[in-house]
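Some notes on the structure that comes next.
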Amino acid sequence: MRPMTALTVIASLANDLISFIVFSALDLLDFLLCFVYKLVDYAMEAEWRPCYCSGSGKDMIMNSGKILISDNGGSKVLSLCSSKLELEDISDTLYSRPSLVSEISRSLKLERKHRQTTTTSSTTTTFTINSTIIEMLQCKIGGRQANPVPRWSDCHCKDCSSWCSPGGSPDTLFIRSLIPPEAEEDVLFIHGFISSSAFWTETVFPNFSEEAKSKYRMFAVDLLGCGRSPKPGDSLYTLREHVDMIERSVIIPFNLKSFHIVAHSLGSILALALAIKHPNSIKSLTLLAPPYFPVPEGEKGTQYVLRRVAPRRVWPLMAFGASLICWYEHLSRTICLLLCKHHQLLKFIFKLITFNRIRTFLMDGFFCHTHNASWHTMHNIICGSGGKLDDYLDIVRDELCCDVTVFHGGADELLPVECSLAVKAKIPRAQVNVVQDMDHITIVVGRQKAFARDLEEIWKNTKNCRQLNERNES
């Protein structure tokens, strides 16, 4: 064994051992924080607040046939008849996240059972429901209106709560737009997880050529729960809710009949969902660092994506941060309490330290959200798409004629380049551009001039799919 290989193996084993110790301790800490937040919530708001670790998930609750959940080796919500919200949009990773110790124990038991089993076993289907989901949805099922007042642990500043203040709108997203009077085409920009429209308007928007600024109407949205957009406390931030809000805020009021989409990270999932819903309207799809993990046969898509995005490792640091956000409901709420609720103070300190030389738009996007929004969006969109993206990409490949271009940073530690290469494998016509030495953020930030030129070239060379479809239909 060569020295470098031996060092690599030793480092990997050390990472595994330290990770096991650290995340086992975090499992216990999150369990304790559950009781702490119940007490504080009751003291501050005079009511208990449900969380996803409080339900047993073992009781069958049919509620007069209104709610049905299937368990095939793991809970999965199937349907909800009494509400517009359809429960199949909810990822089981919200309420099924085993501790590290129990997961390792289960893996060993399954391996031992697999070795001892020589005959094919039958699969039994049972029906169960996590009672927490019932509590989380009581406002919607009962027809009560959501309380627009932020929770005690959320930020109450003007930027974060503008949607529920006088003059704000709880029904539409906050939009930054560039609308020239003689525009010929439309472009929709969708940011990534816990970011904001400033990710585009502070980078590529100022760097477009004068020709592009006069030719294209450009719309950058703050997604539901992000930036200055609504952050409803009773929303589960499902894919359906995100897409509906984009349609209600941009596509319908601005009459977007044919448009380009540029999307980063989580926004790529929403872009694909919009493309499936509006197949004749999409002129081009430009996806940056799409979180697409092909699910191996026999694996549960939601759980597989959870483990790929958040592997519960202390190194690299990006993986450690993602694991804290994804696996620990109450720890992630504590992080939001410390960072998001006090982001104005942190921004002030940051400006003092840097003598106001560095713009803080990335900090603004990162801090201006609530725990409820980030927690549900992470699980219901990124993890919840684990079993959906294969079908979405197949439809884009087989039924849409729009151009597909993918950019990925060669140094991206959050989402590996293999994600974009997997998109290429599903959609052979997709153009994949790996930008060396760039990561998940610097794929745009820092190279905005070059990226603006790339976008203009993509739009300029896009064929008119709408005319082709109309011609084929006639």
Side-chain angles (χ1 to χ4, degrees), residues 33 36-37 40-41 44-45 49 147-170 173-176 190-203 220-233 235 237 242 264-267 317-318 320-326 328-378 381-382 414 439-442 444-445:
L33 283 174
V36 172
Y37 277 114
V40 178
D41 283 343
M44 299 294 292
E45 300 176 352
R49 289 297 185 115
N147 184 358
V149 179
R151 300 191 61 181
W152 70 268
S153 55
D154 296 335
C155 182
H156 293 66
C157 76
K158 182 178 180 181
D159 288 340
C160 292
S161 60
S162 60
W163 60 278
C164 61
S165 60
S169 173
L173 302 176
F174 178 80
I175 304 170
R176 290 182 172 93
I190 309 175
H191 64 76
F193 182 58
I194 53 177
S195 184
S196 75
S197 55
F199 183 80
W200 306 112
T201 59
E202 295 285 342
T203 56
V221 299
D222 284 356
L223 291 176
L224 183 66
C226 296
R228 299 181 65 181
S229 281
K231 304 170 180 64
S235 172
Y237 296 86
H242 278 285
H264 176 240
S265 192
L266 172 142
L317 290 178
M318 189 73 77
F320 179 69
S323 299
L324 286 178
I325 294 173
C326 292
Y328 301 105
E329 181 179 359
H330 305 291
L331 273 173
S332 62
R333 184 179 176 186
T334 303
I335 294 171
C336 285
L337 175 63
L338 296 175
L339 298 181
C340 302
K341 186 175 176 63
H342 302 96
H343 70 92
Q344 295 287 12
L345 174 61
L346 293 174
K347 186 195 299 187
F348 174 74
I349 295 174
F350 183 80
K351 287 184 176 181
L352 284 180
I353 294 174
T354 62
F355 297 100
N356 203 26
R357 289 195 301 262
I358 301 176
R359 304 187 70 175
T360 60
F361 72 91
L362 287 177
M363 291 178 60
D364 294 341
F366 182 78
F367 289 136
C368 290
H369 61 87
T370 65
H371 171 253
N372 183 65
S374 60
W375 176 257
H376 286 97
T377 298
M378 166 61 75
I381 306 298
I382 294 182
L414 182 61
D439 60 27
H440 199 67
I441 300 299
T442 57
V444 174
V445 180

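Counting only heavy atoms from C-beta outward, the side chains of C336 and H369 approach each other to under 4.5 Å. Two residues are said to be in side-chain contact when any heavy atoms from C-beta on lie closer than 4.5 Å; F361 and T203 meet this criterion. Between C368 and H343 there is a side-chain heavy-atom pair separated by less than 4.5 Å. Looking at N372 and K231, their side chains never come closer than 4.5 Å, going by heavy atoms from C-beta outward. Between Y237 and L224 there is a side-chain heavy-atom pair separated by less than 4.5 Å.
Residues forming a ring-ring contact (aromatic ring centres under 6.0 Å, His included) with F320 (at least two apart in sequence, or on another chain): F23. With sequence neighbours left out, the ring-ring contact (aromatic ring centres under 6.0 Å, His included) criterion links H264 to F199, H440. Considering only residues two or more places apart in sequence or on other chains, S332 meets the side-chain hydrogen bond (donor to acceptor under 3.5 Å, both in side chains) condition with H371. In this view, S229 and L173, F174, D222 satisfy the side-chain contact (heavy atoms from CB on, under 4.5 Å) rule, not counting sequence neighbours. Residues that satisfy the side-chain contact (heavy atoms from CB on, under 4.5 Å) test with V40, not counting sequence neighbours, are V36, M44, W152. Residues forming a side-chain contact (heavy atoms from CB on, under 4.5 Å) with T201 (at least two apart in sequence, or on another chain): R176, A198, F205, A220. The side-chain hydrogen bond (donor to acceptor under 3.5 Å, both in side chains) search around H242 returns T377, not counting sequence neighbours. Scanning for side-chain hydrogen bond (donor to acceptor under 3.5 Å, both in side chains) contacts around E202 gives R359, with sequence neighbours left out. In terms of the side-chain contact (heavy atoms from CB on, under 4.5 Å) criterion, residue partners of L331 (sequence neighbours excluded) are, by chain and number, L26, L29, D30, L33, L324, Y328. In this structure, the side-chain hydrogen bond (donor to acceptor under 3.5 Å, both in side chains) partners of T334, at least two apart in sequence or on a different chain, are Y37.
Rounding to the nearest 0.5 Å places CG of L223 at 7.0 Å from CG of L266. Once rounded to the nearest 0.5 Å, the distance linking CG of L362 with CZ of F367 reads 11.0 Å. With rounding to the nearest 0.5 angstrom, the CG atom of L339 is 12.0 Å from the SG atom of C155.
With hydrogens and angles ignored, the 3.5 Å screen pairs no side-chain donor or acceptor of S161 with any backbone N or O of C164. Of the possible donor and acceptor atoms, none in the side chain of H191 sits under 3.5 Å from a partner among the backbone N and O of W200.
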The test is side-chain contact (heavy atoms from CB on, under 4.5 Å); show your working for F193 and S374 and say whether it passes. CA-CA 8 Å; F193 182 58; S374 60; 4.0 Å; yes
Report the C-alpha distance between D159 and Q344 in whole Å, list the side-chain angles of each, state the deciding distance to 0.1 Å, and finish with yes or no for side-chain contact (heavy atoms from CB on, under 4.5 Å). CA-CA 10 Å; D159 288 340; Q344 295 287 12; 4.0 Å; yes
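Looking at every heavy atom in both residues, P230 comes nearest to P232 through C-CD, 3.4 Å. Between G192 and S265 the shortest heavy-atom distance is CA-CB, 4.2 Å.
Legend: salt bridge (Lys or Arg N to Asp or Glu O under 4.0 Å) pairs involving residues 330-350, not counting sequence neighbours, sorted by first then second residue: D41-R333, K347-D364.
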